[in-house]
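Written out below as structure tokens is the structure these notes cover.
Index from 1, following the sequence.
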Amino acid sequence: MNMMNENGFSSDQMLFLIPIGILLLFLASYYLTVNLFTRKDF
């Protein structure tokens, strides 16, 4: 594990995971708002 971290694997993984996490947050908030508005209509 230490050898992988020294090679910069952890930094590459973080750079890859951060945008995915941001996209998931936007999708989750959009999904929640859509569900709330549809529930209010009914």
Side-chain angles (χ1 to χ4, degrees):
M1 292 300 291
N2 288 333
M3 291 291 291
M4 292 172 72
N5 287 334
E6 285 175 2
N7 288 336
F9 179 75
S10 60
S11 60
D12 290 339
Q13 194 176 19
M14 286 298 295
L15 286 171
F16 184 70
L17 287 174
I18 287 169
I20 291 176
I22 293 169
L23 281 172
L24 284 173
L25 281 173
F26 276 117
L27 286 171
S29 59
Y30 176 75
Y31 185 71
L32 283 171
T33 48
V34 167
N35 278 337
L36 286 173
F37 279 120
T38 50
R39 284 177 185 171
K40 283 180 181 178
D41 290 337
F42 288 111

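Ile22 and Met14 end up in the same hydrophobic cluster when Ile, Leu, Val, Met, Phe, Trp and Tyr side chains are linked at under 4.5 Å.
Asp12 has its side chain out of reach of Phe16: every pair of non-hydrogen atoms, C-beta onward, lies at least 4.5 Å apart.
Looking at Asn35, Val34, Leu27 one by one, the single match for side chain to side chain contact (heavy atoms under 4.5 Å, CB included) with Tyr31 turns out to be Asn35.
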